[in-house]
4 protein chains.
Amino acid sequence: MAPRRVDRAARREEILAAAVRVFARRGFAASRIEDVAAEAGIGKGSVYLYFSDRDELLEAAFAALAARSAALIEEALAGTGDPAERLEHLVRSVVAVLLGERDLARVLLDVWSVGRGGRPPVDMAGFYREYRGAIAMLLADAADSGAGPTVEPVAHAAVLVGAIEGCVLQWLFDSSLDLAGLVDPLLQLLIPARAKGRNP
Amino acid sequence: MAPRRVDRAARREEILAAAVRVFARRGFAASRIEDVAAEAGIGKGSVYLYFSDRDELLEAAFAALAARSAALIEEALAGTGDPAERLEHLVRSVVAVLLGERDLARVLLDVWSVGRGGRPPVDMAGFYREYRGAIAMLLADAADSGAGPTVEPVAHAAVLVGAIEGCVLQWLFDSSLDLAGLVDPLLQLLIPARAKGRNP
Amino acid sequence: MAPRRVDRAARREEILAAAVRVFARRGFAASRIEDVAAEAGIGKGSVYLYFSDRDELLEAAFAALAARSAALIEEALAGTGDPAERLEHLVRSVVAVLLGERDLARVLLDVWSVGRGGRPPVDMAGFYREYRGAIAMLLADAADSGAGPTVEPVAHAAVLVGAIEGCVLQWLFDSSLDLAGLVDPLLQLLIPARAKGRNP
Amino acid sequence: MAPRRVDRAARREEILAAAVRVFARRGFAASRIEDVAAEAGIGKGSVYLYFSDRDELLEAAFAALAARSAALIEEALAGTGDPAERLEHLVRSVVAVLLGERDLARVLLDVWSVGRGGRPPVDMAGFYREYRGAIAMLLADAADSGAGPTVEPVAHAAVLVGAIEGCVLQWLFDSSLDLAGLVDPLLQLLIPARAKGRNP
DNA sequence: GATGAATGAGGGTTCATTCAT
DNA sequence: CATGAATGAACCCTCATTCAT
């Protein structure tokens with residue numbers, strides 16, 4: 001039915017993974033298509049059989065990351081349990097993904113740099129807008145559920161998203177920073193409802 | 001016998017300002033030396049009379065920003081009043097600087113991208129380490145001063161610094177985001193001591 | 001699966017030959033990589049697939065000439081016949097090579113100019129030292145073989161080598177000068193042993 | 001009568017001397033006008049008050065050398081004593097000049113390289129033609145005067161001139177070569193008439 | 001499909017030369 | 001006269017992209 005379809009997709013993934021490793025190492029600006037091909041163990045020209053141009057590699061890397069985040073957000077929004085708990089789970093999951101794939105996380109730096117101006121395939125503004133929207137919704141629900149936040153949900157969401165991204169940023173520059181260990185403080189400070197439960 | 005007189009430092013600043021505008025507009029990677037020269041209203045070759053190469057423009061832009069932050073941090077540490085108050089002032093000042101110079105702030109995205117790996121002139125790891133250290137100190141002092149944070153100061157500082165950078169990040173992608181309006185929520189959430197005073 | 005097949009060494013030689021023609025015409029300093037590429041009938045960038053930079057073209061040209069000289073010297077030293085005869089043959093061969101490849105000979109002028117200071121790949125001092133050494137050896141042998149030279153072999157060798165290079169030099173500036181016709185006078189004056197045989 | 005004339009000429013000489021030192025050090029191709037100005041202790045623009053462009057510096061350097069040679073040749077031709085003796089004196093003087101001004105001699109390498117093609121101000125072909133002509137004349141006179149050279153004067157002259165230039169060439173690459181010590185062997189081999197007198 | 005030789009637009013950088021002071 | 005800041009033509013070299021095999 002789909003004789004070679006899997007192969008093609010798998011090969012594309014292999015190349016993308018190679019690209020991510022190279023970008024993480026040298027940065028996107030200093031990474032040549034040839035470096036990516038070499039890392040993937042294929043010929044330079046073959047990259048073009050799977051990606052239309054150099055930028056598409058970066059876009060695909062971001063898309064992969066964005067897709068994961070979107071899935072986690074989706075899951076958090078679709079959940080039915082305690083909103084604060086779902087929010088906490090979301091934050092932990094997002095950080096866990098980045099911790100688990102440092103190379104991919106590092107590419108974020110390049111994506112941010114290139115994504116300036118919201119050029120279509122890398123619409124950072126939209127991405128963060130949705131991210132904040134989802135979290136604001138969870139925060140609002142959590143507020144309804146009992147805990148009393150004194151901060152307006154949308155602003156609160158921006159701060160929460162910012163804190164996550166900002167902690168990741170610091171960790172990207174300094175791997176000795178214990179990102180995993182920052183999650184609890186972050187949650188404690190920014191999701192008071194949960195914090196209460198954990199710190200009687 | 002009478003060489004043309006030029007204020008080298010002033011001219012250098014002019015060129016740097018032009019570079020910052022260009023980088024903010026197109027991103028560092030897409031900015032040509034010629035664009036910078038045109039923006040500064042001078043010839044391409046003249047840029048090299050003040051900067052040894054293209055990278056130095058980016059480094060100088062970052063240095064300018066880092067110097068301002070360092071000065072604000074210095075001021076906060078050297079202050080004698082209420083630690084929480086000084087911390088709040090620091091946060092407000094840092095954000096105010098970025099709000100006042102959006103172009104310069106935008107260049108941060110490029111600096112982050114290029115600064116990966118901590119190449120000497122753009123030592124992001126060191127920069128954030130000091131930033132966190134100063135804030136941790138203020139947080140610790142604030143804790144002594146009365147208010148009782150339950151979070152370990154260094155982690156708290158990382159979250160606070162992260163929140164600032166992360167909010168700025170979002171604002172850089174989406175100028176419709178009200179960064180100024182995020183400062184109060186941010187302070188309220190992350191400097192409880194102050195928050196208490198303001199939200200009885 | 002079937003990459004284009006190219007004989008790299010052959011292509012390199014083609015480009016080098018083109019470079020030699022161009023250098024001979026305009027001089028190395030005034031020759032652009034693009035001129036060389038055009039002369040070779042290829043694109044500018046292709047030159048860099050075979051030579052790492054412009055200087056390498058000059059070095060390769062000299063290396064080609066030096067290799068020939070070295071082979072001739074080797075041959076003369078390894079020979080077993082009459083030393084004076086072998087020396088005469090060496091001189092005739094060296095001049096014949098230059099006569100046969102005027103363009104290559106002309107590049108010598110650029111090599112001499114650039115080779116000042118003995119930068120590694122163009123070690124003129126070493127080249128001439130060996131050249132003199134070999135000739136001194138042959139001269140010494142010739143002296144033993146009978147004819148009585150009154151001149152110390154090493155100095156004699158320097159004068160002989162100098163005369164060859166100096167005659168070539170004059171011919172390079174003035175192709176109407178009959179270099180081939182200078183070989184006999186040169187030999188007669190500088191290899192007395194042979195001269196005797198020829199001028200009873 | 002000539003109020004500032006001496007100053008102007010003297011200044012020009014100073015700059016030329018500085019240029020010669022710089023060219024000798026780095027080679028003409030790698031020497032910038034600014035290097036010459038710095039060596040002369042003047043401003044870059046001032047060089048242009050005495051030389052119309054960069055090439056003129058090289059031409060002037062060669063002209064200085066050529067003028068000395070011409071004077072020596074003139075003197076030798078105009079002399080009245082023994083032709084062989086005058087020839088020997090000429091050779092000794094020419095070498096002495098170069099030995100005394102190694103920097104100027106080194107510039108010869110650049111002059112040879114640039115002078116290719118006989119561009120007007122640096123007419124190497126003509127220079128060597130006259131040089132050979134004068135020497136051929138002296139050789140012919142010497143032959144008449146008694147000694148019996150078997151070699152045709154013009155070819156003999158080319159070999160003699162070549163030997164001088166070629167010995168200088170080797171010395172330029174290798175200052176450990178004793179150029180002064182080569183003069184006697186050179187004379188002995190190439191001016192037989194004199195040689196006889198000295199080696200009974 | 002896969003490859004890598006070939007290409008040439010592009011951009012960083014240098015430096016001879018000019019000219020206002 | 002002297003200067004050195006300014007200029008921009010020139011040129012080296014890189015590398016994304018193409019395409020014949």
Side-chain angles (χ1 to χ4, degrees), chain A residues 4 7-8 11 29-38 40-57, chain B residues 1-8 11 15 29-38 40-57, chain C residues 1-8 11 15 29-38 40-57, chain D residues 4 7-8 11 29-38 40-57:
Chain A
R4 294 267 146 187
D7 280 2
R8 247 195 95 72
R11 179 60 71 99
S31 298
R32 320 282 139 234
I33 284 283
E34 194 156 9
D35 301 330
V36 172
I42 61 175
K44 188 173 26 164
S46 303
V47 173
Y48 287 88
L49 297 174
Y50 299 89
F51 295 88
S52 66
D53 63 23
R54 187 170 167 269
D55 288 342
E56 205 178 68
L57 285 168
Chain B
M1 278 281 188
R4 189 181 316 197
R5 225 36 195 276
V6 180
D7 183 337
R8 281 192 63 80
R11 179 55 70 99
I15 296 172
S31 298
R32 319 281 136 237
I33 285 283
E34 197 155 11
D35 301 330
V36 172
I42 61 175
K44 184 172 35 160
S46 302
V47 173
Y48 289 90
L49 296 176
Y50 299 90
F51 295 88
S52 66
D53 61 21
R54 188 170 163 270
D55 287 344
E56 205 178 69
L57 284 168
Chain C
M1 276 281 189
R4 193 181 311 198
R5 226 38 195 275
V6 181
D7 182 336
R8 281 192 63 80
R11 177 56 68 101
I15 296 172
S31 298
R32 318 283 135 235
I33 284 284
E34 197 156 9
D35 300 331
V36 172
I42 62 175
K44 184 176 32 163
S46 303
V47 174
Y48 290 90
L49 296 176
Y50 299 89
F51 296 88
S52 66
D53 61 23
R54 189 171 163 270
D55 287 343
E56 205 178 69
L57 284 167
Chain D
R4 293 267 148 188
D7 279 0
R8 246 196 95 73
R11 179 59 71 100
S31 299
R32 320 279 137 239
I33 285 282
E34 194 156 11
D35 300 329
V36 172
I42 61 173
K44 189 173 26 165
S46 302
V47 174
Y48 288 87
L49 297 174
Y50 299 90
F51 295 88
S52 66
D53 62 23
R54 186 171 169 269
D55 287 343
E56 206 179 67
L57 284 167

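As a basis for the values below, the full set of heavy atoms in this structure was taken, side chains included, without hydrogen atoms, waters or symmetry mates.
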In whole angstrom, give the distance that lies between atom [atom1] of [X] and atom [atom2] of [N].
X      : N       : atom1 : atom2 : value
I15(C) : dT7(E)  : CD1   : C1'   : 13 Å
I42(C) : dA6(E)  : CD1   : C1'   : 9 Å
E34(B) : dA9(E)  : CD    : P     : 17 Å
Y50(B) : dT13(E) : OH    : P     : 18 Å
L49(D) : dC19(E) : CG    : P     : 14 Å
L57(D) : dT17(E) : CG    : C1'   : 13 Å
I33(D) : dG4(F)  : CD1   : P     : 15 Å

Under-4.0 Å side-chain N/O to phosphate OP1/OP2 contact, [X] with [N]:
X      : N       : result
Y48(C) : dA6(E)  : no
R8(A)  : dG1(E)  : yes
R54(A) : dT17(F) : no
S46(B) : dA5(F)  : no
R11(B) : dA6(F)  : yes

Practice problem: Give one of base, sugar-phosphate or nothing for S52(A), where a contact means two heavy atoms less than 4.0 Å apart. | Solution: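 The answer is nothing, as S52(A) stays clear of every strand by at least 4.0 Å.
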Exercise. Tell me the stems DNA chain F sits in, counting at least three consecutive Watson-Crick or G-U wobble pairs, each under 3.5 Å on both distances.
Key: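 Output for stems: E:2-21 with F:2-21.
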Taking every non-hydrogen atom, the tightest pair across [X] and [Y]:
X      : Y      : result
A37(C) : V47(C) : CB-CG2, 3.8 Å
D35(C) : A30(C) : OD2-O, 4.0 Å
L49(A) : R8(A)  : O-NH2, 2.7 Å

Quiz item: Does any non-hydrogen side-chain atom of F51(A) lie less than 4.5 Å from one of I33(A)?
Solution: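 Not touching, per the 4.5 Å side-chain cut-off.
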Practice problem: Please figure out whether V47(C) or G41(A) has its closest DNA chain E nucleotide nearer the 5' end. | Solution: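 Result: G41(A).
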Quiz prompt | Base of dT7(F) paired with side chain of K44(B) (donor-acceptor, under 3.5 Å) | solution =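 Result: no qualifying N/O pair found.
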